[in-house]
Number of protein chains: 2
Amino acid sequence: MKPALSDKTHKSAGPIVDESTLQGFLGYQLKRAFNVMQADLTQALKPHGLRMLTYTALILIADNPGLSQSQLAAAMDVERPNLVVILDALEHRALILRERVPSDRRTYALKVTLKGRQLYEKATADVKTHEQALLAGIDAATRKTVVEAMLLIRHRAAKDSL
Amino acid sequence: MKPALSDKTHKSAGPIVDESTLQGFLGYQLKRAFNVMQADLTQALKPHGLRMLTYTALILIADNPGLSQSQLAAAMDVERPNLVVILDALEHRALILRERVPSDRRTYALKVTLKGRQLYEKATADVKTHEQALLAGIDAATRKTVVEAMLLIRHRAAKDSL
DNA sequence: TATTGTTATACTCTATAACTATA
DNA sequence: TATAGTTATAGAGTATAACAATA
C-alpha cells in the first residue's frame, strides 16, 4: 500500500520525485538522516581541525588511556592500517602520544596530552550544542526509542555473524 | 550522568572499551547501525551485481520514468558528475536507457529496460528479506517512530540551511 | 608461529572546476 | 548568459596483502 501523495520529495528548485519505494526501507531513512547529521558534525568539528574519525579516536583515547591501536581499531570498527593515518594526524598536532610499553614492545599505549584533553572538551561541547539544535524537535522518549533500535540492529548483526 | 557499567562494548576477542561518551551522541548510534545495515545491503545486492548507489538509481529511474540526470542527482543528493559513472554502469548492463529528448537536446530521459525492471523486482525482494531479518526484533510501532525521527532530522536540516 | 604496527595499494564515495553542446 | 551532461581530478573512507619487530 503506497501513500498517494505523502511520500514525495520536493527539492528546492526541482520537480517532485517519487521516493516511495526507497522510503519503505529503514536503511534508506537511516542513511539520509545520518548524512545530515554527519554534515552538521563536520561543521561543528571544522573550527577544531578535526574530522569525524579523528574526533572519535580522540574521544576513545581520552576515555580509555593506555589502550592499544588494535584495541582502538576494534572499538572503532576500522581496519588497523586505516587507523595509522588517523593517529598520525592526532600525534602530529601533539593531541595524543604513542607511548612504548616495556612489557610488550610491539604495542603502543595511546594517551591524550593536556592539549588533546582540552581540545576534546571544547570540541565535545560544540558537538553537543550542534546535535541538540539538530534534534530540537525530537523529544527525549523518541530519542531513547531510536537509540534502543540502533543498538538492537547492531546486536542482531553481531548474532547473525556467529 | 554516566551509567557505571552499561555503556561498555565487549568486542568478541578484545577487552572492554568505554564508549559512553560516544554513545551519548545519537549521530554515533546512527552511524554504527547504518554501517551494519549497509554491510547487510551490500551482501543482499552482491548476487545481482549492484551496489547501494546503483541500486538506488535503478529504483528511482524505475519509479520515475523519464526523469533527467540532474533531477536524479538532486533526488539522490549526489553531485551530477558522480552520477555519470553510476549510470554508465547501469547502461552498460542494459538495465537503463539514456533517451534523447527532442524538445531539449541537452537532457536525457532516463528509463529502465525490461531487464532493468526484472532486476529491480528481484533485487528489491532480496533487499526486503534481508532488512526484515535484520529488523526482526524491532516492532512496527518502534520502526515508525524511528522513521519519523529520521524525517524530522532531514527536515530540520532543510530549515536550518535557509 | 602469532601479534602489533606499518607500508603499499586499490576501490568506493564524494566534491569542485572546467569543458561541450545545447538553449 | 544559463543549463545538462561530461571529464578530470582530488580528497576521504575502507579493505586486503605483505613486511619488520617482537612475543
Side-chain angles (χ1 to χ4, degrees), chain A residues 11-15 28 31-32 34-36 38-39 41-43 45-46 49-57 61 66-92 96-110, chain B residues 11-15 28 31-32 34-36 38-39 41-43 45-46 49-57 61 66-92 96-110:
Chain A
K11 281 285 165 182
S12 43
Y28 177 74
K31 174 174 167 54
R32 295 303 291 258
F34 172 68
N35 282 352
V36 165
Q38 190 183 19
L41 176 65
T42 298
Q43 285 310 115
L45 292 176
K46 181 174 274 184
L50 295 169
R51 292 191 310 270
M52 183 172 61
L53 289 174
T54 49
Y55 176 59
T56 303
I61 295 168
L67 91 169
S68 71
Q69 296 189 190
S70 289
Q71 289 167 348
L72 179 56
M76 289 178 65
D77 201 21
V78 303
E79 296 301 318
R80 273 60 78 212
N82 298 326
L83 191 61
V84 175
V85 291
I86 294 171
L87 296 182
D88 284 350
L90 292 173
E91 192 183 35
H92 290 149
I96 65 159
L97 297 171
R98 282 168 162 123
E99 280 188 5
R100 274 291 177 201
V101 177
S103 59
D104 185 343
R105 291 182 43 75
R106 292 174 302 181
T107 82
Y108 288 113
L110 301 173
Chain B
K11 281 286 163 180
S12 43
Y28 176 74
K31 174 175 168 55
R32 295 303 290 259
F34 173 67
N35 282 353
V36 166
Q38 190 182 18
L41 176 64
T42 299
Q43 286 310 115
L45 292 176
K46 181 175 274 184
L50 294 168
R51 292 191 310 270
M52 183 172 62
L53 290 174
T54 49
Y55 176 59
T56 303
I61 295 168
L67 91 168
S68 71
Q69 296 190 190
S70 290
Q71 290 168 348
L72 179 56
M76 290 177 65
D77 201 21
V78 302
E79 296 301 318
R80 274 61 78 214
N82 297 326
L83 191 61
V84 175
V85 290
I86 294 170
L87 296 181
D88 284 350
L90 293 172
E91 191 182 34
H92 290 150
I96 65 159
L97 297 170
R98 281 170 162 122
E99 282 188 3
R100 275 292 177 199
V101 177
S103 59
D104 186 342
R105 289 184 42 77
R106 293 175 302 182
T107 82
Y108 289 112
L110 301 172

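These numbers were taken from a predicted model, which means no experiment stands behind them. These values consider heavy atoms only, across backbone and side chains, with no hydrogens, waters or symmetry-generated copies. Residue numbers begin at 1 in each chain, while the letters A, B, ... track the order of the sequences.
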Going 5' to 3' through nucleotides 13-23 of chain C and flagging B where a protein heavy-atom sits under 4.0 Å of the base, S where only the sugar-phosphate is that close, and - otherwise, we get SBBBB----BS
Side chains of [X] and [Y] in contact at under 4.5 Å (non-hydrogen atoms):
X: A/L50; Y: A/L90; value: yes
X: A/D88; Y: A/H92; value: yes
X: A/I86; Y: A/L72; value: no

Nearest whole Å is fine: how far is [N] [atom2] from [X] [atom1]?
X: A/L83; N: D/dG13; atom1: CG; atom2: C1'; value: 13 Å
X: B/Q69; N: D/dT7; atom1: CD; atom2: P; value: 10 Å
X: A/L41; N: D/dG13; atom1: CG; atom2: P; value: 11 Å
X: B/L97; N: D/dG5; atom1: CG; atom2: P; value: 15 Å
X: B/L90; N: D/dG5; atom1: CG; atom2: P; value: 15 Å
X: B/L87; N: D/dT7; atom1: CG; atom2: C1'; value: 15 Å

Self-check item: Under 4.0 angstrom between A/T107 side-chain N/O and D/dT22 OP1 or OP2
Solution: no
Any donor and acceptor pair, going by atom type alone, linking the side chain of B/R100 with main-chain N or O of B/R105 inside 3.5 Å?
yes
When every non-hydrogen atom of A/Y108 is compared with those of A/V101, the smallest separation belongs to C-CG2, 4.2 Å
Nearest heavy-atom contact between B/V84 and B/R98 is O-NH2, 3.6 Å
Side-chain atoms of B/Y108 come closest, of C/dT4, C/dT6, D/dT6, to D/dT6
